[in-house]
Novice: 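Supplied in structure tokens, the structure appears directly below.
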Amino acid sequence: MSLKKEQHSKVIIIGSGPAGYTAAIYAARAMLNPVLISGMQPGGQLATTTDVENFPGFADVIQGPWLMEEMKKQAETVGTIFKNDMIKKVNFTNRPFELIGESGEIYTTDSVIITTGAQARWLNLETETKYRGFGVSACATCDGFFYKDKEVLVVGGGNAAVEEALFLTKFASKVTLVHRRDSLRAEKLLQQKILSHPKIKIIWNNAVKEVLGTEKPKGVTGVLLENTKDKSITKIDTHGLFVAIGHDPATKIFIDQITMDKEGYILTQADSTKTNIEGIFAAGDVKDKTYRQAVTAAGMGCMAALEAEKFLSKND
């Protein structure tokens with residue numbers, strides 16, 4: 001793959017979720033001619049989320065993919081340049097900063113806004129990997145339809161797990177939630193919904209030890225659960241396993257380039273999106289492990305664009 005030089009940009013946004021699109025809108029309106037590099041999953045996690053009920057401005061339930069498409073259109077309308085590429089390497093040691101894409105393009109820029117988001121965390125079981133895509137999933141909104149009138153199992157105890165379980169009741173005949181502790185971490189309203197739902201059963205103090213399945217046709221038939229207290233093993237029949245135990249920030253390409261915490265989230269200054277490197281900003285789930293909401297990500301995208309504009313004005 002030959003490398004070719006890309007036209008220099010004042011600001012490049014890496015990632016295309018609510019944070020990235022909002023940063024692009026504000027940067028374009030500031031006449032910065034931003035370049036947005038979409039990455040592996042344009043639209044971020046909302047691109048695989050169906051019902052969105054908590055994004056301000058919509059009285060009725062809206063669809064995540066539609067919302068992301070509207071944000072993208074708005075960013076394009078005000079002048080954002082979109083690149084369908086994925087950054088595989090960065091060099092933040094000198095300005096202009098240098099980004100190398102999978103396409104072979106070399107992008108140079110005076111400032112960077114990182115909005116690469118977070119990715120689903122897995123159980124790291126050999127059998128889980130074996131059946132991923134064949135009954136094991138981390139996205140109920142992507143794959144829930146395939147389990148109409150079937151029994152499924154969800155692993156986790158936070159908001160994501162409870163939301164996945166509730167969503168799956170639209171299709172599945174029965175949803176079993178497995179949590180390694182004896183209480184949920186999800187917000188109270190969600191806990192009330194899941195604890196009172198007739199289709200949902202909760203198994204406490206258990207963890208998935210192994211995923212069971214067949215080869216022909218390839219698919220999940222059940223799981224082995226291990227009790228976290230007495231280590232007893234229980235076999236549960238299920239047609240699908242949905243893993244909802246959290247996310248890991250998509251920051252591997254920034255290792256040794258920028259300051260992060262021990263979990264890989266980019267560290268920023270208080271009440272700011274500024275990183276330890278002047279001219280580089282981070283917004284959304286890539287730096288936020290507390291709220292993880294579309295609206296907070298969008299707000300941080302706005303902050304990053306405004307801070308980038310101020311930085312560029314000062315250093316022009």
Side-chain angles (χ1 to χ4, degrees), residues 45-54 60-65 120-123 125-228 232-247:
Q45 293 180 59
L46 267 192
T48 59
T49 302
T50 51
D51 293 351
V52 176
E53 301 180 69
N54 56 7
D60 297 320
V61 177
I62 57 173
Q63 301 298 297
R121 188 177 296 157
W122 297 94
L123 300 170
L125 300 172
E126 187 177 329
T127 48
E128 173 198 46
T129 304
K130 178 180 179 180
Y131 290 106
R132 198 177 296 173
F134 296 92
V136 174
S137 172
C139 180
T141 54
C142 310
D143 303 320
F145 179 78
F146 301 113
Y147 297 92
K148 191 172 183 184
D149 300 325
K150 295 181 178 180
E151 296 187 4
V152 297
L153 189 146
V154 178
V155 182
N159 283 356
V162 173
E163 287 169 350
E164 297 271 272
L166 290 168
F167 177 79
L168 287 165
T169 60
K170 297 180 180 181
F171 309 102
S173 58
K174 179 183 176 182
V175 178
T176 301
L177 181 75
V178 175
H179 185 40
R180 62 187 304 112
R181 297 181 179 85
D182 58 5
S183 62
L184 299 171
R185 301 188 312 277
E187 59 188 53
K188 297 299 182 184
L189 181 60
L190 288 174
Q191 288 193 39
Q192 291 172 11
K193 284 185 178 181
I194 196 169
L195 291 169
S196 62
H197 202 291
K199 274 191 176 184
I200 298 177
K201 174 187 177 183
I202 302 180
I203 298 179
W204 305 103
N205 299 312
N206 269 268
V208 176
K209 183 178 178 65
E210 187 176 346
V211 182
L212 308 174
T214 56
E215 288 300 315
K216 293 184 180 180
K218 190 172 184 179
V220 170
T221 59
V223 296
L224 293 182
L225 300 180
E226 182 179 63
N227 188 288
T228 55
S232 60
I233 303 295
T234 307
K235 179 179 177 291
I236 302 290
D237 294 330
T238 188
H239 294 99
L241 171 65
F242 289 84
V243 181
I245 56 173
H247 293 79

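Nothing fancy with the numbering, it's 1 onward along the sequence. Predicted model, so just to flag it, every value in this text is computed and none were measured.
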Novice: How long is the span from the OG atom in Ser232 to the CG atom in Asn206, to the nearest 0.5 Å?
Specialist: 6.5 Å
Novice: For the atom pair CG (Leu153) and NZ (Lys201), what is the distance rounded to the nearest 0.5 Å?
Specialist: 10.0 Å
Novice: Does Leu190 reach the side chain of Asn159, with side-chain heavy atoms less than 4.5 Å apart?
Specialist: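 Result yes, sub-4.5 Å side-chain heavy-atom pair found.
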Novice: Considering only heavy atoms from C-beta outward, does the side chain of Trp122 approach that of Arg132 to under 4.5 Å?
Specialist: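 When only atoms from C-beta onward are counted, Arg132 and Trp122 do touch, with a gap below 4.5 Å.
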Novice: I want to check something: taking the side chain as every heavy atom from C-beta on, are Lys199 and Lys174 in contact at a cut-off of under 4.5 Å?
Specialist: no
Novice: Do Thr221 and Asp237 pass the side chain to side chain contact (heavy atoms under 4.5 Å, CB included) test, and can you show the C-alpha distance, the side-chain angles, and the key distance before you say yes or no?
Specialist: CA-CA 6 Å; Thr221 59; Asp237 294 330; over 6 Å; no
Novice: Is the side chain of Ser137 donor-acceptor paired with the backbone N or O of Gly133 at a distance under 3.5 Å, no angle test?
Specialist: no
Novice: Using only atom types and a distance under 3.5 Å, with no angle test, would you say the side chain of Glu226 pairs donor to acceptor with the backbone of Ile233?
Specialist: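 Checked: no pair found.
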Novice: If every non-hydrogen atom of Gly156 is compared with every non-hydrogen atom of Ile245, which pair is closest and at what distance?
Specialist: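 Looking at all heavy atoms of both residues, the shortest contact is CA-CG2, 4.1 Å.
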Novice: Considering only heavy atoms from C-beta outward, does the side chain of Leu166 approach that of His197 to under 4.5 Å?
Specialist: yes
Novice: Just so I know, are the side chains of Leu225 and Val208 near enough to count as touching, which here means a heavy-atom distance under 4.5 Å?
Specialist: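 With C-beta onward as the side chain, the pair touches.
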Novice: With a 4.5 Å limit on heavy-atom distance, are the side chains of Leu184 and His179 in contact?
Specialist: yes
Novice: Apply the side chain to side chain contact (heavy atoms under 4.5 Å, CB included) test between Val162 and each candidate in Leu189, Leu195, Ile194, Val154; give the one that qualifies.
Specialist: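 It is Ile194; the other options fail the test.
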Novice: Does some side-chain heavy atom of Leu212 sit less than 4.5 Å from a side-chain heavy atom of Thr127?
Specialist: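 The answer is no, as the side chains (C-beta and beyond) never meet within the 4.5 Å cut-off.
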Novice: Within the supplied structure, the quantity of interest is the number of heavy atoms (other residues, nucleotides, ligands) at a distance under 6.0 Å from Lys218 NZ; does it exceed 12?
Specialist: yes
Novice: Can you establish whether the number of heavy atoms outside Arg121 located under 6.0 Å from its atom CZ is more than 12?
Specialist: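 Atom CZ in Arg121 is packed in, count exceeds 12.
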Novice: Mind checking whether Phe167 and Phe242 have ring centres under 6.0 Å apart?
Specialist: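 Distance test on ring centres: not under 6.0 Å, no.
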Novice: Would you confirm whether Glu151, through its side chain, and Thr238, through its main-chain N or O, come within 3.5 Å as a donor-acceptor pair?
Specialist: no
Novice: Around atom NZ of Lys209, are there more than 12 heavy atoms of other residues, nucleotides or ligands at under 6.0 Å?
Specialist: no
Novice: Any side-chain heavy atom of Ile203 sitting closer than 4.5 Å to one from Leu177?
Specialist: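 Ile203 vs Leu177: side chains apart.
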Novice: Considering only NZ, NE, NH1 and NH2 on the basic side and carboxylate oxygens on the acidic side, decide whether Glu215 and Lys130 come within less than 4.0 Å.
Specialist: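 Looking at Lys130 together with Glu215, the answer is yes, because their closest N to O distance falls below 4.0 Å.
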Novice: Tell me every residue that passes ring pair (Phe, Tyr, Trp, His ring centres under 6.0 Å) with Tyr131, counting only those two or more places apart in sequence or in another chain.
Specialist: none
